[in-house]
Every structure is written in C-alpha cells, then in structure tokens.
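Note that ligands are numbered from 1 as they come in the structure, with each ligand's atoms numbered from 1 the same way. Residue numbers run from 1 in the order of the sequence given.
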Amino acid sequence: MNPKRILLPQSDIPTAWYNLQADLPEPLPPVIHPGTGQPIGPDDLRPIFADELIMQEVSQERWVEIPEEVRDVYAIWRPSPLVRATGLERELKTPARIYFKDESHSPPGSHKPNTAVAQAYYNKKQGVKRLTTETGAGQWGSSLSFACSLFDLECKVYMVKCSYQQKPYRRSMMQLWGGQVSPSPSDETEAGRQILAADPDCPGSLGIAISEAVEAAVKDEDAKYTLGSVLNHVMLHQSIIGLEAEKQMEIAGDSPDVVIGCVGGGSNYAGLAFPFLRHKIAGKEIRFVAAEPRACPTMSRGEYRYDFGDTTKLTPLMKMFTLGHSFVPPGIHAGGLRYHGMAPSVSAAVKAGLIESVALHQVECFDAARMFAATEGIIPAPETSHAIRAAIDEAVKCRETGEEKCILFNFSGHGLCDLGSYDKYLAGELDDFEYPQEKIQEAIAELPEMG
Ligand SMILES: Cc1ncc(COP(=O)(O)O)c(C=O)c1O
C-alpha cells in the first residue's frame, strides 16, 4: 500500500529558508520612495519594520538561517504532512497523481504562522513592544496574535469590515491569543476616518486596513508594522513549505509536473512554489499555476506597474501586478484573496513567464471544496478552494488526455471558521462576480506614472 501521508520527523524542520531573489533571471525592480522618486533604503523602512526583516527584504543570499527559537515554535506543528489525495483521484477517475501540502495543521489553521512567528521573533529581539497589522479573512490576524502571545508582544489588528462581520470566530481566536481587533475602516486612524467620511458603508479592503495599521505603527514609537504577505521577507519565511515538500516528494518517489496554489498577496503559493521554481530556472520542466478570484483578477486583468501597497498611499511604491490601490473588490468569501496587488517576486516570475495565472469564480471553487471535503475529509478555507479547483481542472484534463501527471498543490488552510460562508453556499446564496472593466480602468488610471 502506498503511503497516504508522507511525514517528516521534527529533526527535518529545515534549518534555512530559501530566497528566490538569488536565482531570479533578473533582479527585482527597486522599491521606490513616492516623495523622492528614488529607491528606498533601510532608513526609510526603519519606522515601520524590524531591522532584521528589512535586511531580509533586500537580501540576495540564497539561504537564510532559521533561528533556533523560531524552529522551536515551528515544532508545534511542523513539518506539515504531504498527503496523496487518493480519494479525490478516485472521484475524478483521473490518471493524475494529486498531492497536497497540508498547512492547516498550525494552531490558527493556515500557513500564515510560518512568517508570523519569524516576524514576532525578530521584533521581540529588537525590543519592540507592540505589533500592528491588517487582516482579511482573519487568518493572518489570528496567526500574528498567536505568534505575539508566544513571544509576549502586544498585537493590534485592523480587520476588513466585511470579514469582521462574516467571520466572528476568527475575531474570538485573535482575542483569545491576546490580540486587539478593530473593524476597518475604523475611526481610530486618519486613514480610516478619511474613508468613512467618503463612504460610511465601506466594506473595507486589505489596502485600507494596511493604511490603518501602518499609520498606527508610525505614530507609536514602541510599535512596528507587520505584513502577512506580498513582501520578500514573507515569501522567504514561507519557503519552508516547499522545502519540506521537496523532501517529501522525494520520499514518495515522485516529482511534480504542475505546482498549484491560490494567491492573495502571493505568500502561500510562493512558499510552496519558489523552492521548486529554482529547478525550473535551472532547466527542469515544471508548470506553475497561480489561482486567483475572478472578482479580484490581479494577474489576469491587472497591469505590471509601480503602485502603492495600500489605499491611502502610505507605503513605498512596488513594481507588481496591480488592479490599482483604490480598487475595492466585491465582498467575496475568500477574504484573503481580496488584495489589489501581488507580491513583487511572484509578479516578476509571472512576467518572466515562469508562472501562469488562472482566474476562477467563487461558486466553482466552493463546488471543488465540497468535493474535496467529501473525498479527503478536510474542509478547506474558501481561499484554499481556489487551489483545489485549479488542481481538479488539471486532473480532469489528464483524464481527457490520458496523461499521468503529478499535480502538487498547497492546502493553505482549513475552513472551520468559514462555515458561515459554507452555509450561504449550501443555501444557494453565493453569487459570482466579474469585475467590470471600466472599474478596473478607473483604478488603474490613478496609478503613478513611473515609466
Ligand atoms: C487560508 C489562506 N490561504 C491563502 C491566503 C492568501 O494569502 P497569500 O496569497 O498571501 O497566501 C489567505 C489569506 O488570508 C488565507 O487565509
């Protein structure tokens, strides 16, 4: 009998993260200061981020050592299992072999603590007392609250208002781990007040919540800001997923032909994909597919341009695929995928033709999640359902062509706090959104001209 789950011992928790920047065909375009139009330096970022994270952001080193204290916390749930989705394969009658890396085992239930723990550790080491952040679905906010509680830091979370209402149990998790949570836009910050004045019923967006969290950190000398995705140091910390998966695939005696993940800001996908992407850059034939919502089609309909990371233009300018910083996506249930931009490193890989994107409707993703839950037993987060849909679509293509491909996808989190969304799905109340082209054009027209 082939093993269903491929498990690694605790001693196999990787000792170094992998940095794709060392292997990208071209260096990433510099991050630009919006005031000067010049590349930013470490001093510009010091009011916002811990020093060591700033160094990691620009590091070109291929391997970055994981501190012992971080590995000790990782040991609570890592190494995570690699699972052969035999039930799903049978259901689909596909000759494809489907594997998923199960990141739902962490205490908050997703991949997000892989970087939350590292960020909390470096901030604590530097003497920071309080961390601020934004959260969409609440996965990141709960992960940071979890990490802060372990390193004895205070945690302030601005949670996108529509998710705050849809996912009350995520808020409870954050509060249980000692986090302080406010729905965003809030009246606690200049940025929030400005948005509320223009639109009192604004459902919020990640871009707005980021503005609030950055402002709160900048105005408090004991605080720093943390971001759960997009930035290079986040992708670096998440590489632990792919590094473990690489070893597990070897144990399974297999090797992926297609590597799939869902993308919001890009971190869970980068985490799984980047360690494998280095083999593609070295000449190995592997396809990389990043799945995004059609309601927030950053890579499929956005432009590769310099843009702000937040709505009120507090962050530096990053070159990335973007729908424009003023883009407010509809309140789809995959709250963590509602971000106007995409990690600059993922964007560069897409631009270089290394990664392809696919855009999916939410109902077809919930259908995939239901099939997955019925065949593999685990209820996926709505975000994760995009990866499952894309994997199923690949497996169905294999059924049609008879190809015996090996498909690997990232199971970024469970959906046990998303049952309200599943209730709506089961009641047939979920709608598909196709974002109108004029609205996208409108938001893109507000992008700064950088050449
Ligand atoms: C379970 C899960 N998967 C995926 C994402 C998308 O984020 P990212 O693209 O950074 O992995 C989120 C974001 O909140 C999430 O909670």
Undergrad: Under 6.0 Å between ring centres: does that hold for F274 and Y18?
TA: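 So the answer is no for these two rings.
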Undergrad: Is the distance between the ring centroids of F100 and F372 under 6.0 Å?
TA: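 Under 6.0 Å, so yes.
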Undergrad: So what's ligand 1 close to, N/O to N/O, under 3.5 Å?
TA:
| from | atom 1 | to | atom 2 | distance (Å) |
| --- | --- | --- | --- | --- |
| ligand 1 | 3 (N) | S412 | OG | 2.7 |
| ligand 1 | 7 (O) | K112 | NZ | 3.3 |
| ligand 1 | 9 (O) | G264 | N | 2.7 |
| ligand 1 | 9 (O) | G265 | N | 3.1 |
| ligand 1 | 9 (O) | G266 | N | 2.8 |
| ligand 1 | 9 (O) | S267 | N | 3.4 |
| ligand 1 | 10 (O) | K112 | NZ | 3.4 |
| ligand 1 | 10 (O) | S229 | OG | 2.5 |
| ligand 1 | 10 (O) | S267 | N | 3.0 |
| ligand 1 | 10 (O) | S267 | OG | 2.7 |
| ligand 1 | 11 (O) | H111 | NE2 | 3.0 |
| ligand 1 | 11 (O) | S267 | OG | 3.2 |
| ligand 1 | 11 (O) | N268 | N | 2.8 |
| ligand 1 | 11 (O) | N268 | ND2 | 2.8 |

Undergrad: Which of parallel (below 30°), tilted (30 to 60°) and perpendicular (above 60°) describes F411 and F409?
TA: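 Ring orientation of F411 relative to F409: tilted.
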Undergrad: Are F327 and Y435 near enough that their ring centres are under 6.0 Å apart?
TA: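 Ring centres of Y435 and F327 closer than 6.0 Å.
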Undergrad: What I want to find out is whether K4 reaches E376 closely enough, with some N-O distance under 4.0 Å, to be called a salt bridge.
TA: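 Salt bridge flag = yes for E376 with K4.
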Undergrad: Would E429 and K424 pass as an ion pair if we require N to O under 4.0 Å?
TA: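 Salt bridge between E429 and K424, a charged N being under 4.0 Å from a carboxylate O: no.
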